[in-house]
Engineer: 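Okay, here's the structure, questions in a sec.
When a residue number appears, it is its place in the shown sequence, counting from 1. Source: prediction; values computed, not measured.
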Amino acid sequence: MNADYGASTELAGPLQQRRALYQPRLPPCLQGATVRVEYGDATATIDPIGADAVAQAFPRTYGQRLVTFLAPDAGADEADAQERPPIRVGVVFSGRQSPGGHNVVWGLHDALRAHNPNSVLYGFIGGTEGLFANKTLEITNDVLASYKNQGGFDLLGRSIDQIRTSKQVSAAMATCRNLDLDGLVIVGGVTSNSDAAQLAETLVQNNCKTKVVGVPVSLNGDLKNQFVETTVGFDTVCKVNSQLISNVCLDAISAGKYYYFVRLMGRKASHVAFECALQSHPNMLIMGEEVALSKLTLMECINKICDGVQARAELEKYHGVLLIPEGLIESIPEMYALIQEISILHNSNIPVAEMPSKLSPWAAALFQFLPPFIRRELLLHQESDNSAQLSQIDTEQLLAHLVEAEMIKRTKEGRYKGKKFSSVCHFFGYQARGSLPSNFDCDYAYALGHISLHMIAAGLTGYMATVANLKDPVHKWRCAAAPLTAMMSVKRHLRGPGAIPTGKPAIHPSPIDLKGKAYELLRGKASSFLLDDYYRTPGGIQYEGPGSDAKPITLTIEDQDYMGDIELLKLYLDKVRTIVKPGCSRDTLKAAISSMISVTDVLTVMSHPLNAELPLYHFN
């Protein structure tokens with residue numbers, strides 16, 4: 001490894017140098033060299049219908065217990081660092097670059113050194129391909145010096161984001177054995193952590209001692225469930241994008257003659273666009289989850305936008321800003337079906353030039369209806385997870401093109417009498433994901449790095465590092481480890497008796513909760529956003545002073561303290577045991593039995609697979 005690999009402090013700007021001096025904050029339980037490990041109950045899975053499939057696919061790691069990390073008991077003697085055995089750990093960036101990723105490595109390094117100074121941390125160069133090829137860099141404090149609190153993944157780099165095929169899994173296992181690793185930390189999103197679960201299962205099956213743990217790092221914010229409140233990088237990306245959007249809003253109202261169509265990175269769910277809308281207050285937001293739920297066709301989406309343009313024109317407003325998640329195109333039923341046909345052709349190794357002629361008649365008709373640039377983009381080779389390259393499909397230009405055509409049509413028909421519709425298109429994605437991370441992402445990532453070490457030291461495998469109560473100050477955060485299988489479900493596209501699980505168990509992207517408090521807030525303001533130019537200017541990320549500890553609006557609004565609720569339930573159950581014990585009155589006993597019957601009846605109905613609280617659809 002060359003000494004000049006990656007960033008250099010000599011080339012760093014003033015803000016970059018100041019960020020390197022920021023010391024991330026840790027919750028109390030992580031401030032010492034050791035933690036108290038508390039084992040909870042065995043876990044189930046989020047998907048009752050797919051529970052059997054998950055259990056069969058992961059017989060050795062399914063149903064593991066929930067683990068919490070607490071500060072050591074007061075007065076407990078900590079063993080000298082030299083008495084604790086050194087640990088050998090590898091870390092790999094498996095997901096797409098996301099602000100804060102470097103701090104996971106930093107936190108892991110510091111926790112390892114506190115555990116035993118002779119511990120070793122290897123970083124795999126070039127992501128998962130470096131893991132397969134055993135291409136490593138030993139992570140030391142000197143190596144980390146230029147990367148603390150910095151954006152990007154350039155310390156180690158990344159590649160195909162995949163540990164899935166038999167050949168890949170075997171290569172990863174060979175590397176773990178060759179380096180005699182006690183643990184492997186996989187940093188990434190839903191796909192990477194699904195692969196981490198499978199790798200953990202395989203290593204246990206093959207008696208490999210390496211413990212595999214995952215860390216939720218993804219700018220998309222779609223790795224979200226009862227254990228994971230948000231992902232590292234989501235806060236930073238939304239803040240950077242919101243500043244850009246607010247700039248566009250001010251430009252739009254200043255010129256008064258353009259509609260800005262802004263597509264935001266975020267993969268298949270709409271979390272980034274949703275959070276940015278709450279932060280910047282654009283005129284319109286077209287969410288994939290709403291489109292999928294209502295089964296809106298492409299032209300129904302276009303008419304919805306045109307109705308908004310026409311309503312604004314009646315107020316003599318001929319400008320506006322529209323946000324579009326990059327996954328929107330897959331949420332439109334006919335577009336999704338077309339993309340699926342193209343995917344099948346790719347998987348069948350049909351040459352791209354021949355694909356249009358291989359489509360079904362209705363798909364071919366839709367394909368020919370689309371503008372040439374969209375046709376070219378839909379045929380691009382797939383991502384490593386066999387999905388469409390959403391970041392390369394100019395959905396915003398497609399919508400702008402069709403809206404302009406519809407407004408011209410309405411003008412000719414006399415239904416629209418305003419000024420000519422004009423649009424400007426933007427795609428905000430790569431501009432944000434290399435940003436200097438916010439204080440929240442720095443703290444969160446650093447804490448997750450520490451938790452990763454304690455998971456490995458506790459002998460946990462097939463787990464994800466988690467932090468709960470993130471909406472509160474750092475000293476109130478709850479640190480835990482949750483089994484990856486507890487986050488898994490099996491794809492299905494219907495709800496009710498006809499819902500048949502298909503495919504392999506995996507951690508799937510979590511869509512926007514259309515029953516949640518944040519969504520309710522946005523819907524309540526939608527009319528004002530559309531007509532009143534209620535633009536908000538959040539400005540750039542603040543690293544010091546007022547606003548420096550601001551967190552995502554969706555995180556602060558939603559009541560997501562699942563771990564806290566589990567503790568509250570245990571508290572009430574303990575109270576019942578205290579009150580109802582041998583010697584209590586018969587009336588007390590009967591009241592307890594009656595109440596318990598009612599509670600168990602309700603919970604039995606709610607937990608039945610047909611009534612499980614799952615999305616109406618799964619993204620593929």
Engineer: Under 3.5 Å, side chain of Asn225 to main-chain N/O of Met487, donor-acceptor pair present?
Structural biologist: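 Between the backbone of Met487 and the side chain of Asn225 there is no qualifying donor-acceptor contact (under 3.5 Å).
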Engineer: Taking Glu289 for the side chain and Asp513 for the main chain, is one N or O donor matched with an acceptor at less than 3.5 Å?
Structural biologist: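 No, Glu289 side chain to Asp513 backbone: no donor-acceptor pair under 3.5 Å.
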Engineer: In terms of ring plane angle, is the pair Trp477 and Phe440 parallel, tilted or perpendicular, where the classes change at 30° and 60°?
Structural biologist: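 Because their plane-to-plane angle is over 60°, the rings of Trp477 and Phe440 count as perpendicular.
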Engineer: Are side-chain heavy atoms of Ile245 and Leu264 found at a separation under 4.5 Å?
Structural biologist: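 Result yes, sub-4.5 Å side-chain heavy-atom pair found.
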Engineer: Identify the heavy atoms of Cys276 and Cys238 that sit nearest to each other, and give their distance.
Structural biologist: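 Scanning both residues, the minimum pair turns out to be SG-O, 3.6 Å.
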Engineer: Does Tyr260 form a side chain to side chain donor-acceptor pair (under 3.5 Å) with Asp251? I'd like the steps, not just the answer.
Structural biologist: CA-CA 10 Å; Tyr260 288 85; Asp251 189 78; 2.2 Å; yes
Engineer: Any salt bridge (charged side-chain N to carboxylate O under 4.0 Å, His left out) pairs touching residues 314-329, not counting sequence neighbours?
Structural biologist: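 For residues 314-329, and leaving out neighbouring residues, the salt bridge (charged side-chain N to carboxylate O under 4.0 Å, His left out) pairs sorted by first residue read Lys317-Asp533.
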Engineer: Just by modelled atom types, is the Arg25 backbone N or O under 3.5 Å from a matching donor or acceptor in the Asp443 side chain?
Structural biologist: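 Yes, the answer is positive, given that a donor and an acceptor are paired below the 3.5 Å cut-off.
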Engineer: Is there a donor-acceptor pair under 3.5 Å between the side chain of Lys239 and the backbone N or O of Ala550?
Structural biologist: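 Yes, Lys239 side chain to Ala550 backbone: donor-acceptor pair under 3.5 Å.
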Engineer: Students often mix this up, so state it plainly: with edges at 30° and 60°, are the rings of Tyr534 and His281 parallel, tilted or perpendicular?
Structural biologist: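 Ring orientation of Tyr534 relative to His281: parallel.
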Engineer: I'd like to know whether the aromatic ring centres of Tyr147 and Trp106 sit less than 6.0 Å apart in this structure.
Structural biologist: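 Tyr147 vs Trp106: aromatic centres not under 6.0 Å.
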Engineer: Does a side-chain heavy-atom distance below 4.5 Å link Tyr259 with Arg312?
Structural biologist: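 Contact flag for Tyr259/Arg312 side chains = yes.
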Engineer: I want to check something: taking the side chain as every heavy atom from C-beta on, are Asn103 and Pro24 in contact at a cut-off of under 4.5 Å?
Structural biologist: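 Asn103 reaches Pro24 side chain to side chain.
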Engineer: Do side-chain atoms of Glu558 reach the backbone of Lys517 as a donor and acceptor pair under 3.5 angstrom?
Structural biologist: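 Pair found, side chain donor or acceptor close to backbone of Lys517.
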Engineer: Whether the side chain of Thr231 engages the backbone of Ser218 through a donor-acceptor N/O pair (distance < 3.5 Å, no angle test) should be reported.
Structural biologist: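 Checking the backbone N and O of Ser218 against the side chain of Thr231, a donor-acceptor pair under 3.5 Å is found.
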Engineer: Is there a donor-acceptor contact under 3.5 Å from the side chain of Ser280 to the main chain of Ser246?
Structural biologist: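 Side chain of Ser280 to backbone of Ser246: no pair is present.
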Engineer: Taking the side chain as C-beta and beyond, is there a heavy-atom pair between Glu334 and Ile332 under 4.5 Å?
Structural biologist: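 Yes, their side chains come closer than 4.5 Å.
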Engineer: Check for a donor-acceptor pair, side chain of Gln389 on one end and backbone N or O of His381 on the other, with a separation under 3.5 Å.
Structural biologist: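 Flag set: sc Gln389 to bb His381 pair under 3.5 Å.
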